[in-house]
Amino acid sequence: MHKLFERLPFRPADILLPRDCDMTRWSVVACDQYTSQPEYWQRVADFVGDKPSTLKLILPESCLEGPNVETDIMEINSTMTGYLRGDRFRVLPDALIYVERKLHGGATRRGVVGMVDLEQYDYEPGSPALIRATEGTVLSRIPPRVAVRKNAPVELPHVMLLCDDRTGSVLPPLAGQTDSMERVYDFELMENGGHITGWLMGEEQKRSFAAALEQLAAPAAYQQKYSVGADVPVMLFAVGDGNHSLATAKECYERQKRLLPPEQWADLPARYALVELCDLHDESLQFEPIHRVLFNVDPKKLLADLKAAFPGAHEGEGEGHVLKYITREGAGAITVPNPTAQLPVGTLQGFLDEWMVANKKAGIDYIHGEDVVADLSRRADAVGFLLPAMGKEELFPTVIHDGVLPRKTFSMGHANDKRFYLEARKIR
């Protein structure tokens with residue numbers, strides 16, 4: 001382990017990058033995107049063809065409950081092994097990669113790819129860990145993801161961590177030092193994903209980067225920033241994207257720990273997970289709302305049940321939480337006065353969680369983009385709910401004081417802005 005990072009939960013990793021391939025075909029978007037749009041993944045498959053690609057190393061979430069999922073997982077693991085044996089990857093030892101992603105809309109998002117210590121991450125609400133989840137983890141979503149990861153020889157990250165760097169000391173200085181770094185990739189991403197460039201950070205950049213992170217983690221500065229007492233543990237990073245993927249990595253590591261004595265835990269490759277660290281205050285990071293679409297429902301019954309669940313709830317916009325909806329018949333809104341939840345998404349999700357227990361045929365999808373919600377809500381058996389965006393400045397204080405946000409509260413940008421699979425790391 002790099003000595004500069006001994007006291008930090010984020011550190012350099014032996015990063016694998018592909019060699020001798022079309023990088024645009026190699027890199028595909030996070031597996032949890034476009035789950036209700038199979039035509040997207042079919043387009044990607046047609047574009048990739050028989051060329052080397054991370055598409056062949058991941059399982060889109062829309063396939064997790066498919067009839068051939070076990071065969072799909074075996075094929076993925078076999079392809080991973082084939083890529084390793086076939087010298088598909090080159091290794092960047094003890095590496096951090098500084099990344100600039102020019103998004104489709106023109107903004108540039110900056111980040112650093114490295115690995116986190118899963119001993120210092122916890123997804124339980126109210127955890128004192130240095131790395132914390134931002135949303136409630138749905139435990140039922142972990143086992144199918146564990147099935148994909150547990151025997152995989154490599155991991156590919158789409159997790160994005162956030163730091164609350166209000167002084168711009170962690171990532172912004174790297175932007176002016178790329179001339180002294182080795183460029184390791186530079187290409188266009190598919191499907192309006194924009195352009196991505198990565199540089200291998202040198203020793204001087206690592207030293208400054210580690211020092212800046214240590215300053216962020218200093219208890220005195222933390223207490224002043226968030227107006228908390230000395231008894232409140234430091235939260236250095238919040239999971240911005242990929243909460244369930246990181247929770248899955250944690251579960252796989254915990255399973256391995258149970259088979260070994262504690263003195264061997266530090267040497268387990270599964271103890272770490274590859275991620276990209278970004279700054280919450282990066283101007284390119286826009287928090288977008290995540291909308292809901294319910295399928296296999298009677299729209300009139302669902303909306304009537306929603307109004308009945310809250311005293312004084314009524315049709316139309318008023319004082320309280322306004323829950324806008326779309327059905328085949330048109331758009332409307334239901335107002336919940338005097339809500340107990342902090343955010344409209346908390347009011348809606350709390351109701352839906354209970355309602356779906358009693359209405360087991362109903363399905364739900366979490367959607368980025370109002371246009372997609374409108375399109376999916378044209379079905380006779382569907383209802384779409386449109387939610388407002390939360391301010392990103394609310395993220396760290398809310399998690400520190402309240403534990404976690406309601407599930408699927410926000411998204412960092414549109415679906416095509418999500419992290420694309422590119423780098424890899426051995427985990428066995």
Side-chain angles (χ1 to χ4, degrees), residues 5 8-13 15 27 29-30 32-33 95-116 121 130-135 156-178 181 185 189 193-199 201 205-206 208-210 212-213 215-217 235-243 245-246 273-288 290 368 389-396 399 405 409-423:
F5 295 85
L8 292 168
F10 185 91
R11 56 197 58 171
I15 296 176
S27 194
V29 79
D32 58 350
Q33 302 303 304
L96 293 175
I97 297 178
Y98 169 62
V99 178
E100 290 187 357
R101 167 96 175 267
K102 187 171 183 180
L103 304 174
H104 180 63
T108 298
R109 185 173 70 217
R110 297 170 174 83
V112 171
V113 176
M115 67 183 185
V116 290
Y121 157 73
L130 280 168
I131 308 170
R132 301 181 203 171
T134 52
E135 67 176 24
L156 298 103
H158 77 257
V159 176
M160 294 176 66
L161 294 189
L162 297 173
C163 63
D164 187 5
D165 178 23
R166 300 177 185 180
T167 63
S169 61
V170 178
L171 288 166
L174 296 171
Q177 300 179 47
T178 54
M181 302 184 215
Y185 51 74
L189 294 162
H195 191 98
I196 191 165
T197 310
W199 292 268
M201 290 169 57
Q205 286 89 30
K206 288 180 182 176
S208 300
F209 178 74
L213 286 180
Q215 285 296 314
L216 273 189
M235 181 179 80
L236 182 57
F237 303 133
V239 184
D241 260 347
N243 274 285
S245 291
L246 199 58
L274 207 59
V275 303
E276 180 177 351
L277 175 64
C278 297
D279 178 10
L280 175 67
H281 302 284
D282 190 307
E283 291 183 1
S284 72
L285 277 182
Q286 299 297 321
F287 277 17
E288 304 285 347
I290 301 180
H368 308 275
M390 69 171 283
K392 63 182 182 179
E393 70 281 354
E394 301 175 77
L395 179 63
F396 271 68
V399 174
L405 298 166
T409 296
F410 71 94
S411 170
M412 298 196 304
H414 297 290
N416 58 332
D417 295 334
K418 297 298 179 179
R419 188 159 217 287
F420 275 54
Y421 298 110
L422 202 172
E423 309 88 353

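Values in this document were obtained by computation on a predicted structure and should not be read as measured data.
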* To do: Please round to the nearest 0.5 Å and tell me the distance separating atom NE2 of H414 and atom CG of L103.
  => 10.0 Å
* Asked: Is any side-chain heavy atom of S27 closer than 4.5 Å to a side-chain heavy atom of I196?
  -> no
* To do: Compare every heavy atom of L285 with every heavy atom of M412, then report the nearest pair and how far apart it is.
  => SD-CD2, 3.9 Å
* Assess whether side chain to side chain contact (heavy atoms under 4.5 Å, CB included) is satisfied between R101 and L189, documenting all intermediate values. => CA-CA 10 Å; R101 167 96 175 267; L189 294 162; 3.1 Å; yes
* Structure fact -> The reported gap from OG in S245 to CZ in R419 (rounded to nearest 0.5 angstrom) is 12.0 Å
* Asked: How long is the span from the CE atom in M160 to the CG atom in L277, to the nearest 0.5 Å?
  -> 9.5 Å
* Structure fact -> Nearest heavy-atom contact between V29 and A415 is CG2-O, 3.6 Å
* What distance separates Y121 OH from F10 CZ, expressed to the nearest 0.5 Å? -> 15.5 Å
* Given side chain to side chain contact (heavy atoms under 4.5 Å, CB included), test F209 with V170 step by step and report yes or no. => CA-CA 6 Å; F209 178 74; V170 178; 3.5 Å; yes
* **Option from K206, M201, Q205, E276 for which side chain to side chain contact (heavy atoms under 4.5 Å, CB included) with V112 holds** => M201
* Measure across V239 and A133 and return the closest heavy-atom pair with its distance rounded to 0.1 Å. => CG2-CA, 4.2 Å
* Is it true that atom NZ of K102 has more than 12 heavy atoms of other residues, nucleotides or ligands lying nearer than 6.0 Å? -> no
* **Residues which pass ring pair (Phe, Tyr, Trp, His ring centres under 6.0 Å) with Y185, listed by chain and number, not counting sequence neighbours** => none
* Using side chain to side chain donor-acceptor pair (under 3.5 Å) as the criterion, point out the one residue from Q286, Q33, K418 that pairs with S411. => K418
* For F237, which residues count as a ring pair (Phe, Tyr, Trp, His ring centres under 6.0 Å) partner, sequence neighbours excluded? -> none
* Asked: Do you know the tightest heavy-atom contact between N416 and H104?
  -> ND2-CB, 3.8 Å
* Asked: Checking N243 side chain against T134 main chain: does a donor-acceptor pair fall under 3.5 Å?
  -> yes
* Give me the ring orientation class for H158 and Y421: parallel if the planes are under 30° apart, tilted from 30 to 60°, perpendicular past 60°. => perpendicular
* **CA sep, side-chain torsions, deciding dist, call: D282, L171, side chain to side chain contact (heavy atoms under 4.5 Å, CB included)** => CA-CA 9 Å; D282 190 307; L171 288 166; 5.9 Å; no
* Asked: For the residue pair D164 and F396, what are the closest heavy atoms and their distance?
  -> N-CZ, 3.7 Å
* Main-chain N/O of G391 paired to E394 side chain as donor or acceptor, under 3.5 Å -> yes
* Please step through side chain to side chain contact (heavy atoms under 4.5 Å, CB included) for the pair D279 and R110, ending with a clear verdict. => CA-CA 8 Å; D279 178 10; R110 297 170 174 83; over 6 Å; no
* Looking at side-chain heavy atoms only, is the closest gap between E100 and W199 below 4.5 Å? -> yes
* To do: Might you point out which heavy atoms bring A107 and S284 nearest each other, and give the distance in Å?
  => CB-CB, 3.7 Å
* **Separation between CG of L96 and CG of L174, rounded to the nearest 0.5 Å** => 9.5 Å
* Asked: About how many Å separate SG of C163 and CG of L213, when rounded to the nearest 0.5 Å?
  -> 6.5 Å
* Is there a donor-acceptor pair closer than 3.5 Å between any side-chain N or O of R166 and the backbone N or O of H281? -> no
* Asked: Around E393, counting heavy atoms of other residues, nucleotides and ligands shown, do more than 12 lie under 6.0 Å from its CD?
  -> yes
